[in-house]
Amino acid sequence: GIQVEQSPPDLILQEGANSTLRCNFSDSVNNLQWFHQNPWGQLINLFYIPSGTKQNGRLSATTVATERYSLLYISSSQTTDSGVYFCAVEPTGTASKLTFGTGTRLQVTL
Amino acid sequence: SQTIHQWPATLVQPVGSPLSLECTVEGTSNPNLYWYRQAAGRGLQLLFYSVGIGQISSEVPQNLSASRPQDRQFILSSKKLLLSDSGFYLCAWSRGQVGAPQHFGDGTRLSIL
């Protein structure tokens, strides 16, 4: 099956810093989503981005499908950004089934 | 707009007891429905998905089963829970289109004693 690797696995930032999270995947995909899992376990949809670039406030994401990677940018980080960030992909030909990466655990400190 | 409800939020059950977790979706028809499990400190694993009433596909062999008695209702069950069934269970829905984004419920935290 498809392999989804996220880096770095852990990240500690001071409030106000910027960061880039990366997601590499091993095969072509129909769908790629970025999620934020907050400390209460809720999975929040950040981006639906099978290709191209999107921005939402301090967050933006870019997927280069031909090179099989996606990047999530967090600018001016805040303590509320803490949690785990997951990349999930729907491989071509798998009928809407998402495969999740292992996540990046982000801690933003004051 | 569409919403997804999942309950209970937390559950503590003894080994060998039965399980029933329920998920319902509002505001859409004929959605794809999914059950995922997340073990502590790990990513999500797809357990079951359904493209219609009575149509269930299992992704991994396990002690659990799923049913879809109504279009927007998805139930996760077990006849006898094992310690290894502990975890965080999330329900999700998507439109029935290739590449459609999935939307998740708030999850059920299940502890087996």
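Here is the naming used below: chain letters follow the sequence lines, and residue numbers restart at 1 for every chain. FYI, side chains are in, hydrogens and waters are out, and symmetry mates aren't considered; it's all heavy atoms of this structure. Every value quoted in this text rests on a predicted model; they were computed, and no experiment measured them.
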By a 4.5 Å heavy-atom criterion (distance strictly below it), what part of L46(B) contacts chain A: side chain, backbone, both, or neither?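 Interface part for L46(B): side chain.
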
What part of Q97(B) lies closer than 4.5 angstrom to a heavy atom of chain A: side chain, backbone, both or neither?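 Backbone only.
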
If you group Ile, Leu, Val, Met, Phe, Trp and Tyr by side-chain heavy-atom gaps below 4.5 Å, do [X] and [Y] land in one group?
X: F35(A); Y: V4(A); answer: no
X: V60(B); Y: L19(B); answer: yes
X: F74(B); Y: V25(B); answer: yes
X: L32(A); Y: V84(A); answer: no
X: Y48(A); Y: Y73(A); answer: no

Does N45(A) reach the main-chain N or O of Q102(B) with its side chain, forming a donor-acceptor pair under 3.5 Å?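 Side chain of N45(A) to backbone of Q102(B), a donor-acceptor pair under 3.5 Å: yes, one is there.
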
Quick check against the 3.5 Å criterion: does Q33(A) have a side-chain atom that pairs as donor or acceptor with the backbone of P101(B)?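 No, because the side chain of Q33(A) does not come within donor-acceptor range (under 3.5 Å) of the backbone of P101(B).
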
Of the non-hydrogen atoms in Y36(B) and F100(A), which two are nearest, and what is the gap between them?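 Looking at all heavy atoms of both residues, the closest pair is CE2-CE1, 3.7 Å.
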
Kindly compute the distance separating [atom1] ([X]) from [atom2] ([Y]), expressed to the nearest 0.5 Å.
X: L98(A); Y: S94(B); atom1: CG; atom2: OG; result: 8.0 Å
X: I44(A); Y: D106(B); atom1: CD1; atom2: CG; result: 7.5 Å
X: Q42(A); Y: F104(B); atom1: CD; atom2: CZ; result: 13.0 Å
X: L43(A); Y: F88(B); atom1: CG; atom2: CZ; result: 7.5 Å

Can you establish whether the number of heavy atoms outside R105(A) located under 6.0 Å from its atom CZ is more than 12?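 Counting other residues, nucleotides and ligands, CZ of R105(A) stays at 12 neighbours or fewer.
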
I'd like to know which of Q45(B), Q38(B), R109(B) tops the heavy-atom pair count under 4.5 Å against chain A.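 Among Q45(B), Q38(B), R109(B), the one with the most close pairs to chain A is Q38(B).
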
Among the options A100(B), S57(B), A9(B), G105(B), pick out the one with the most heavy-atom pairs lying under 4.5 Å from chain A.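 Most pairs with chain A among the choices: A100(B).
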
Could you have a look at G101(A), G41(A), A88(A), P50(A) and say which one has the most heavy-atom pairs with chain B under 4.5 angstrom?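 Top option by heavy-atom pairs under 4.5 Å: G41(A).
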
Measuring heavy-atom distances to chain B, does Q37(A) have an atom under 4.5 Å in its side chain, in its backbone, in both, or in neither?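 Interface part for Q37(A): side chain.
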
